[in-house]
Protein chains: 2
Amino acid sequence: MSHKQYTMYPNFIQHLKKHISLTDDDIQVLSTYVKIKSIKKKEFLLEEGQICKGNYFVEAGLLRMFYINGKGTEQITQFALENWWLSDYMSSMMQSPSKFYLQAVEDAEVVVVDHQKQEELFKKVPQLERYFRIMMQRAYAASQMRVKYFHDYSKEENYRQFVLLFPQFVQRIPQYMLASYLGITPEYLSELRKKHPIT
Amino acid sequence: MSHKQYTMYPNFIQHLKKHISLTDDDIQVLSTYVKIKSIKKKEFLLEEGQICKGNYFVEAGLLRMFYINGKGTEQITQFALENWWLSDYMSSMMQSPSKFYLQAVEDAEVVVVDHQKQEELFKKVPQLERYFRIMMQRAYAASQMRVKYFHDYSKEENYRQFVLLFPQFVQRIPQYMLASYLGITPEYLSELRKKHPIT
DNA sequence: TAAAAAACTTAAGCTGGTTTAAGAAATTAA
DNA sequence: TTAATTTCTTAAACCAGCTTAAGTTTTTTA
């Protein structure tokens, strides 16, 4: 009976267990602090101006984070697929209105950890403090590398690197979103693809 | 007598205490796990090809992180001044050779936490897990915002924003380093400064 | 299954920022 | 205090990537 409670988010539990040890009791407690949320393609978890209340784990599907820039066009800053966390940490830490949108690119199942209740949860299951330390360190490490790649390569090289490293991922997003993430116009991406067809 | 041991790094201890509570015993234990290191301007804490062994807290002075790009020129990715942590987290997590250099821009006092011994330290002073979770979350939040600013503003706007937000900081670094950090050539920065003199 | 909407392509002209090359000013070392 | 070195400036030619505008293809909705 007790494990029926977390068959709703097997990836989530498995991911936690990869980094920390949890008793069935821990999982029991945890399950009272998290919710699973199903969202349809194009639905929002967060919109500009709101204070970001949750930390979101992608159990299934695909999310994106973006903002609307000065010219009124969407600028994507991150994607999150299975087993990734996504949130506007500045907004939730500072309790300030977010500049970002969090939206489903595909129908998605998301595990929601309420930022407010997080402290309380950490007290009851202290290993989670460690788990999130590891997740944040990992995310920060990835972003240190991203800054490097961003400077290092031309937009064209950047595009080709990305397609090479994440081909499965490129299949799942429309090209204009890839262009936005890479910081180029769809027109220029189209030109690059013509110049160097990628199978 | 016991607090003589940490008058060597008052900022460090104060910073820890701002986020977690520590007994004198905790501090005693901690002090056996960290070292203070004085480095002169232009000395390195890490060079390309080495595995990053430490996590560095700037007690005093100013550090920079950079790499050598394809054209053979330095690209600065981060500065760290008093009360900031600096490390190549990817290199230390993956135990892979770093692509980066960590170097003193000014003479500096640095508190070194050995990445290898960190796990052991966390077992003895568990609150530190929380402290570093907060530090990593904060660093990651800042980098989420940085990606936004980077896309959002032209290089010129970026420069002016930076000078406006961190004037004291701009005073402490040579202009070619600011140019490198902003991802522009020193020549272009010079042109921008001529166009819009900032008192 | 037809019409509307969303996504992608093409091509020409334009601009923000680089490159190159030289000299001037400021800092550091002897 | 002089020489060496490092940092900063100027200006002209150049190019990666954008803008604009129009047309084509694919996906969604009715």
Side-chain angles (χ1 to χ4, degrees), chain A residues 40-44 62 64 66 68-76 79 101 103-107 149-163 169-199, chain B residues 40-44 62 64 66 68-76 79 101 103-107 149-163 169-199:
Chain A
K40 289 273 168 208
K41 186 171 172 171
K42 294 191 182 172
E43 273 192 278
F44 291 95
L62 175 55
R64 64 170 180 154
F66 70 93
I68 308 285
N69 68 20
K71 293 166 199 143
T73 63
E74 295 175 1
Q75 175 63 56
I76 297 175
F79 291 105
Y101 297 80
Q103 190 193 36
V105 175
E106 299 171 354
D107 292 358
Y149 287 126
F150 203 87
H151 279 295
D152 222 358
Y153 300 117
S154 69
K155 306 278 178 169
E156 173 163 4
E157 288 168 321
N158 239 265
Y159 156 68
R160 300 177 73 188
Q161 273 277 326
F162 193 88
V163 170
F169 185 68
V170 172
Q171 316 267 301
R172 289 171 70 178
I173 54 172
Q175 266 167 45
Y176 78 94
M177 285 195 190
L178 176 53
S180 172
Y181 178 76
L182 293 173
I184 62 181
T185 59
E187 292 84 352
Y188 188 53
L189 178 54
S190 193
E191 197 177 301
L192 293 180
R193 281 166 49 81
K194 186 168 66 167
K195 229 165 87 188
H196 294 291
I198 313 256
T199 35
Chain B
K40 288 273 167 207
K41 186 171 173 172
K42 295 193 181 170
E43 273 192 277
F44 292 95
L62 175 54
R64 65 170 179 153
F66 70 93
I68 308 285
N69 68 19
K71 294 166 200 144
T73 63
E74 294 175 1
Q75 175 62 58
I76 298 175
F79 291 105
Y101 297 79
Q103 190 193 38
V105 174
E106 299 171 353
D107 293 358
Y149 288 126
F150 203 87
H151 279 295
D152 222 359
Y153 300 117
S154 70
K155 306 278 178 163
E156 174 164 2
E157 286 169 321
N158 238 261
Y159 156 67
R160 300 176 73 186
Q161 272 278 326
F162 193 88
V163 171
F169 185 68
V170 172
Q171 316 267 301
R172 289 171 70 176
I173 55 172
Q175 266 166 45
Y176 77 94
M177 285 196 190
L178 176 53
S180 172
Y181 178 77
L182 293 173
I184 62 182
T185 58
E187 291 85 353
Y188 188 50
L189 179 53
S190 193
E191 198 177 299
L192 292 180
R193 282 167 48 82
K194 187 169 64 171
K195 228 165 90 188
H196 293 291
I198 311 257
T199 34

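Each chain gets a letter, A, B and so on, in the order its sequence line appears, and its residues count up from 1.
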Exercise for the section: Indicate yes or no: does Asp107(A) engage Lys40(A) in a salt bridge with an N to O separation below 4.0 Å. Expected result: yes

Handout entry: Separation of atom OH in Tyr188(B) from atom C1' in dC15(D), rounded to whole Å
Key = 15 Å

Problem - Side-chain N,O (Tyr176(B)) to OP1/OP2 (dT7(D)) below 4.0 Å - result: yes

Exercise for the section: Verify, without hydrogens or angle tests, whether Gln103(B) (side chain) and Arg64(B) (backbone) share a donor-acceptor contact under 3.5 angstrom. Expected result: no

Exercise for the section: Would you classify Ile184(B) as touching base, sugar-phosphate or nothing, given that sugar-phosphate means primed atoms plus P, OP1 and OP2, and contacts are heavy atoms under 4.0 Å? Expected result: sugar-phosphate

Problem - Any Lys41(A) side-chain nitrogen or oxygen under 4.0 Å from OP1 or OP2 of dT28(D) - result: yes

Practice task
Compare all side-chain heavy atoms of Arg193(B) with those of Tyr159(B) and state whether any distance is below 4.5 angstrom.
Solution key: yes

Exercise for the section: Please state how far atom CZ in Arg160(B) lies from atom P in dG17(C), giving the value in whole angstrom units. Expected result: 13 Å

Problem - Residue met sooner reading DNA chain C from 5', once Pro186(A) and Glu191(B) are mapped to nucleotides - result: Pro186(A)

Problem - Any Ser190(A) side-chain nitrogen or oxygen under 4.0 Å from OP1 or OP2 of dC8(C) - result: no

Problem - Whether Phe150(A) and Phe150(B) hold their rings parallel, tilted or perpendicular, with breakpoints at 30° and 60° - result: perpendicular

Completion exercise
Atom CD1 of Ile173(B) and atom P of dT6(D) are separated, to the nearest Å, by 19 Å

Practice task
Indicate the ring-plane relationship of Phe79(B) and Phe169(B), choosing parallel, tilted or perpendicular according to the 30° and 60° boundaries.
Solution key: perpendicular

Handout entry: Under 4.0 angstrom between Ser154(B) side-chain N/O and dG16(C) OP1 or OP2
Key = no

Handout entry: Gap between atoms NZ and C1', on Lys195(A) and dA11(C) respectively (whole Å)
Key = 15 Å

Problem - Closest to side chain of Lys155(A), choosing from dA11(D), dT9(C), dG17(D) - result: dG17(D)

Exercise for the section: Would you mind classifying the nucleic acid contact of Glu187(A) as base, sugar-phosphate or nothing, using non-hydrogen atoms under 4.0 angstrom? Expected result: base

Exercise for the section: Describe the nucleic acid contact of Lys71(A) in one word from base, sugar-phosphate, nothing, applying a heavy-atom distance below 4.0 Å. Expected result: sugar-phosphate

Handout entry: Rounded interatomic separation in angstrom, taking CD from Glu106(B) and P from dT27(C)
Key = 15 Å

Exercise for the section: Specify the separation, in whole Å, of atom CG of Leu182(A) and atom P of dC18(D). Expected result: 11 Å

Exercise for the section: Would you kindly give the NZ-to-C1' distance between Lys42(A) and dT28(D), to the nearest whole Å? Expected result: 9 Å

Handout entry: Leu192(B) CG - dT9(D) P separation (whole Å)
Key = 11 Å

Fill in the blank from the handout: Per atom distances to the Thr185(B) side chain, the nearest of dT10(C), dT19(C), dG17(D) is dT19(C)

